[in-house]
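Okay, so here's the structure we're looking at.
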Amino acid sequence: MLNIVFIIVGVALVLWGADRLTDGAEALAQRMNIPQIVIGLTVVAMGTSMPEFFVSLVSAIKGTPDLAVGNVVGSNIMNTLLIVGVTALVAPLAIARTTVKKDIPFAIGASVLLTLLCLDNNISRLDAALLTAGFIFFIIYTVRMAVKGKADNQEEAPKKQSVLKSVCFVALGLACLIVGSNLFVEGAVNVATLLGVSQAVIGLTVVAGGTSLPELATSVMAARKGRSAMAIGNVIGSNVFNILMILGITGLVCPMQMQGITIIDFVVLLLSILVLWLFSFTKFTVERWEGAWLLFLFVVYMLWLIKEATGAWRIAVFGFDIVV
């Protein structure tokens, strides 16, 4: 029960901390007269990936690399299949041609790069440097495209808050992210041990689900307000940030040896983004029935993970067998 409390409190702190960090960083950026569209494509996008970043970084430092990589791979699969699926059921998603022709292919490229680098079950500092270089290229490209198109997308700037308040938000957000990540990882690892489930599976499911909550909330609310471009952009941007920024920086700090992440997980990662890309070509819209298919594929993958984790659809809990 204490481990479950750790997980719940950890998730709450991570999500709340990411929100405060994003607010503070956005306000500071406004003070420096950085264009709103650039803030949205960089600061806010990074903010929604902060839970994955801190959880993965803390996991790697604590010697649980399967949890770190599983968190990123699982989060991206959930982003593409679960979040886009649910969001499309709420409202069909209209996708811009630039997203289909440039953004999604970039996400596919990042997924392919990660798969190739992980074929030896190792993310070395050289591998991490390649991922980080890809992240820097993505940021430069995104900012240049954003500034170029700024004239066509003028918006009224929100009211600026004081520098002191902004700095306090950033500091408080970072503190909550660090404390929450530690609690979350500690609880998840202990629960995995008690259930007899590998850290890789916990990372692909429980941890990935918890850290994907910001993307889910952002995309669903954007779809409800008729802002489908923001919803799909949030998912694609988060996928790229998760792979290139999170695993790049985490690998530079702490090279990772993986054992529980299988080629099947990477195949699902690639297939999920390819299926989304295929659906995007149908009138540049993800219809409700296509969202239902994405959800179906997600459920099939989750069932497969459970079967692989238990061996016979059975989990031992405190000496008792629970048949799934």
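In this chain, residues are counted from 1 in sequence order. In what follows, every heavy atom counts, from backbone to side chain, and hydrogens, waters and symmetry copies are set aside.
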Between Gln257 and Asn122, the two heavy atoms sitting closest are NE2-OD1, 3.2 Å
In terms of heavy-atom contacts, Pro255 and Ser124 come closest through CB-CA, 4.4 Å
Derivation and outcome, side chain to side chain contact (heavy atoms under 4.5 Å, CB included), residues Leu57 and Ile249: CA-CA 8 Å; Leu57 181 62; Ile249 296 177; 5.6 Å; no
OG1 of Thr115 to CD1 of Ile243, rounded to nearest 0.5 Å, is 7.5 Å
>> Is it true that Asn71 and Ser59 share a donor-acceptor pair across their side chains at a distance under 3.5 Å?
In response: no
Q: Spell out, as yes or no, whether a donor-acceptor pair under 3.5 Å connects the side chain of Arg288 to the backbone of Val90.
A: yes
CZ of Phe284: more than 12 outside heavy atoms within 6.0 angstrom? yes
task = Could you tell me how the ring of Trp277 sits relative to the ring of Phe281: parallel (under 30°), tilted (30 to 60°) or perpendicular (over 60°)?
result = tilted
Side-chain heavy-atom pair Val72, Ser56 within 4.5 angstrom cut-off: yes
Check: In terms of the angle between their ring planes, are Phe138 and Phe106 parallel, tilted or perpendicular, with boundaries placed at 30° and 60°?
Finding: tilted
Carefully, step by step, assess Val286 and Thr87 under the rule side chain to side chain contact (heavy atoms under 4.5 Å, CB included).
CA-CA 10 Å; Val286 178; Thr87 306; over 6 Å; no
Side-chain heavy-atom pair Val275, Trp293 within 4.5 angstrom cut-off = no
Closest non-hydrogen contact found for Ala60 with Ala68 is N-CB, 4.2 Å
Is any side-chain heavy atom of Leu93 less than 4.5 Å from a side-chain heavy atom of Glu290? no
Less than 4.5 Å apart, any side-chain heavy atom of Ile136 and any of Ile139? no
Cluster question for you: counting only ILVMFWY and a side-chain heavy-atom cut-off of under 4.5 Å, with indirect links fine, are Leu126 and Val253 together?
no
Looking only at heavy atoms, the pair that brings Arg125 and Leu252 closest together is NE-O, 2.9 Å
- Where do Trp16 and Leu172 land on the side chain to side chain contact (heavy atoms under 4.5 Å, CB included) test, with the steps shown first? CA-CA 10 Å; Trp16 190 83; Leu172 184 60; 3.3 Å; yes
message: Would a single hydrophobic cluster contain both Leu2 and Val9, if residues Ile, Leu, Val, Met, Phe, Trp and Tyr are joined by side-chain heavy-atom contacts under 4.5 Å?
response: yes
Closest non-hydrogen contact found for Gly70 with Ile261 is CA-CD1, 3.6 Å
Q.
For a 4.5 angstrom cut-off between non-hydrogen side-chain atoms, does Leu305 reach Asp265?
A. yes
Taken to the nearest 0.5 Å, the spacing of Phe298 CZ from Thr80 OG1 works out to 11.0 Å
When rounded to the nearest 0.5 Å, the distance separating CG of Leu81 from OH of Tyr301 is 9.5 Å
Show the numbers, then the answer: is there a side chain to side chain contact (heavy atoms under 4.5 Å, CB included) between Trp304 and Ile264?
CA-CA 10 Å; Trp304 179 84; Ile264 299 297; 3.6 Å; yes
When rounded to the nearest 0.5 Å, the distance separating CD1 of Ile108 from CD1 of Ile273 is 5.5 Å
Tell me whether Asn76 contacts the main-chain N or O of Asn239 through its side chain, where contact means a donor paired with an acceptor under 3.5 Å.
yes
Below 4.5 Å, heavy atoms only, C-beta onward: do Ile123 and Leu117 meet side chain to side chain?
no
The residue among Leu114, Leu119, Leu113 that forms side chain to side chain contact (heavy atoms under 4.5 Å, CB included) with Leu116 is Leu119
Separation between CG (Asp127) and SG (Cys118), nearest 0.5 Å, reads 7.5 Å
For this session: Find out whether Leu82 and Val86 are in side-chain contact, i.e. whether some heavy atom of one side chain is under 4.5 Å from a heavy atom of the other.
Result: yes
Minimal heavy-atom distance between Ile95 and Ser280, with the atoms involved, is CD1-OG, 3.2 Å
In this structure, CE of Met245 is separated from CG of Leu131 (nearest 0.5 Å) by 12.0 Å
- Determine whether Phe279 and Val84 make a side-chain contact, defined as any pair of heavy atoms from C-beta on separated by less than 4.5 Å. no
